[in-house]
There are 2 protein chains.
Amino acid sequence: MSQMTQTAASEARPYHHGDLSRALVEAARRILETEGPAALSLRAVAREAGVSPAAPYHHFKDKGELLDAVAHEGWAALDTALDAARRKAVDGKERMTGLGVAYVGFARENPALYRVMYDCSRDKDALPEQMKEEGAYCQVRNTIGERSGGTVSPIDLELATIAAWCAAHGLAEMASFKQFDALKDALGGEEAFLRAVFEHLGMFAKFDQA
Amino acid sequence: MSQMTQTAASEARPYHHGDLSRALVEAARRILETEGPAALSLRAVAREAGVSPAAPYHHFKDKGELLDAVAHEGWAALDTALDAARRKAVDGKERMTGLGVAYVGFARENPALYRVMYDCSRDKDALPEQMKEEGAYCQVRNTIGERSGGTVSPIDLELATIAAWCAAHGLAEMASFKQFDALKDALGGEEAFLRAVFEHLGMFAKFDQA
DNA sequence: CACCGATCCTAACAACGTCAAGATAATCTT
DNA sequence: AAGATTATCTTGACGTTGTTAGGATCGGTG
C-alpha cells in the first residue's frame, strides 16, 4: 500500500498499482487541464497513469464511466466553489449575483472539466443524482428561498431555481465568445460584464421582501 | 447535371457527382436526425452519400469544415423559426416569451443539429459571423428594442440581449433533463413549463413602457 | 483532338475504443 | 506454510475513425 499518487509512469511501480481508479481520474483531469478535451482519449489517460491501454477496463466499464467519475469530482468542486461564494456575501442580492459570478468563474477556469460535466449529464438526460437533495443546485435553491423569506410556493421556488441555473449555464458557455470582448472592455473587465448581465436577469425581483 | 439529391448510393451515379458538397451536408443532417451525433463520422457521411471515404476532402478541408457547413444551415433554420414566432405575436411581452419558447422548441426538435451548432461555435469561441449584423441574435435584440420603445442605451440593449440569449440557451440544454419531468406534468406539459420558466426571467421588466 | 484541372477511388497510416487470453501478485483457505 | 482463488495488469488483436498519397476518370479549354 502507500503508493503516493505518482505523476506519471515513473519509479518502476509494482505490478499492481495500488489505487489505479483514483490515479486514472487524476490523470484524466491533468490531461484536460494541459491538453484540452480533444486529447482526452482512454489510451492517453492510461499512458499518463503509466499503465497499459486495457488496464482501465478493470476499474471502469468503458470510457464513459471514467468520464462519469471525472464529472463527479467536477460537480463536487463546483459545489465547494459556490459554497465559498455564498458565505462571502451577506446581502441577499449580492449573495445571488455572487453565486452567479462564482458559477461562471468556475466554468471559465475549468472549461474542459465543465464541458465533461455537462456532456455526461446530457448522455443521461439528467444532472447527477447527488444534486437533487444536496450539492450546488440546492445551494441556489436555498439562497433563493432564504431571500424570499420562505413565503414562496415550492413550485415557484423550483422554477426560479431552474431559471437561475439555466441563465448561469448559458452565460458560462457564452462568456468566452469573442463577440463580447468589446462590451467587456467597455464595462471594465470580465467580472463587471458578468455582473451587468446578471443584473439584467431580474428574475428574483418578485421574491424580494423589501 | 440534374442529379436530384439521391438518398443513398443508388442508380449508378456518374463518376462525378454533380454537387457533392451539398449532398454531403444533407447526408450529414440525415444521419444526425436518424442516428444521433455519435454516429456522425466523416466516413459514415461519405457512405450515406454513396461516395468513397476520401471524396469529402475535395470539398472540405477536414471534418470540422463539413460540420461548419451543417451548423451554418442550422443557424439559418433557427433564424426562420424565430422569425415565424416573432410574426405570430403582436403583444410585446408575448412576443418575447414566444421567441424564447420557439428557440427552445427548435433546440428540442433538432437536438443533434443544435449540438453541432454550438460545438462549432465553441471551437472558434464565437457565434457565426453572420449573426452579428443579421440573423437570430439580431431578432432578439430588435424585439427587445421595439418593446422598450427605443429609449434604451446601446449597452443596455446588448446586455439584455445577451441575458435573454444565455437564458434561452441554458434552458434549451436542460429542458430534456428528467429532473424536471414531474414539474412539467404539474404545470401541464412542456410548453407550459417553458413559459413558466421564462416568466420567472423578468429580465425585460425594466424596459417595459407600461 | 490533346491536354489539364477538377473530381473521385483505392490503399495505406496512425490513433482510437474495446475485448480475449495469458501473466503476475495479493488474498483466502486449509 | 502451501495451494487455490481472485483481482489486477499486459500483450496482442479487431474493427473503426480521420487523414493523406498516388492513381483513375471525367468535363471543359486550347
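In what follows, every chain begins at residue 1, and chains take the letters A, B, ... in the order their sequences are listed. Every heavy atom of this structure was used, including side-chain atoms; hydrogens, water molecules and symmetry mates were not.
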_Separation of atom CG in B:L67 from atom C1' in D:dG18, rounded to whole Å_ =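 After rounding, the reported distance stands at 12 Å.
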*asked:* Nearest whole Å is fine: how far is D:dT17 P from B:E35 CD?
replied: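 Computing the B:E35:CD to D:dT17:P distance gives 11 Å.
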_A:E129 bridged to B:K178 by N-O distance under 4.0 Å_ =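 Answer for the salt bridge query: no.
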*asked:* I'd like to know if B:E199 and B:R195 make a salt bridge, using a cut-off of under 4.0 Å between side-chain N and carboxylate O.
replied: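 Salt bridge absent between B:E199 and B:R195.
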_Those residues that, when tested against B:Y118, pass ring-ring contact (aromatic ring centres under 6.0 Å, His included) (two or more places apart)_ =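 Partners of B:Y118 by the ring-ring contact (aromatic ring centres under 6.0 Å, His included) criterion, ordered by chain and then number, come out as B:W75, B:Y114, B:H169.
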_With B:Y137 via ring-ring contact (aromatic ring centres under 6.0 Å, His included) - residues at least two apart_ =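 By the ring-ring contact (aromatic ring centres under 6.0 Å, His included) rule, B:Y137 matches B:W165.
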*Would you give a per-nucleotide map of nucleotides 13-21 of chain C, 5' to 3', where B means the base has a protein non-hydrogen atom under 4.0 Å away, S means only the sugar-phosphate does, and - means neither?*
---BBBBB-
_Under 4.0 Å, counting only non-hydrogen atoms across every strand here, what does A:A55 touch: a base, just sugar-phosphate, or nothing?_
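Contact class for A:A55: base.
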*Which residues within residues 115-122 of chain A lie with some heavy atom under 4.0 Å of an atom in DNA chain C?*
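Those residues: none at all.
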*Report yes if the side chains of A:L40 and A:L67 come closer than 4.5 Å at any heavy-atom pair, otherwise no.*
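Yes - at least one pair of side-chain heavy atoms lies under 4.5 Å apart.
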*Quick one: are B:D156 and A:H200 in side-chain contact, heavy atoms under 4.5 Å?*
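Yes, at least one pair of side-chain atoms sits under 4.5 Å.
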*With sequence neighbours excluded, give me every salt bridge (charged side-chain N to carboxylate O under 4.0 Å, His left out) pair touching residues 163-173 of chain B.*
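Sorted result for residues 163-173 of chain B: A:R122-B:E173.
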*All pairs passing salt bridge (charged side-chain N to carboxylate O under 4.0 Å, His left out) where residues 97-118 of chain B contributes a residue, at least two apart*: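 Those involving residues 97-118 of chain B are B:R108-B:E190.
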*Phosphate oxygens OP1/OP2 of C:dC8: is one of them under 4.0 Å from a side-chain N or O of B:H59?*
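Checking B:H59 against C:dC8: at least one side-chain N or O falls below 4.0 Å of OP1 or OP2.
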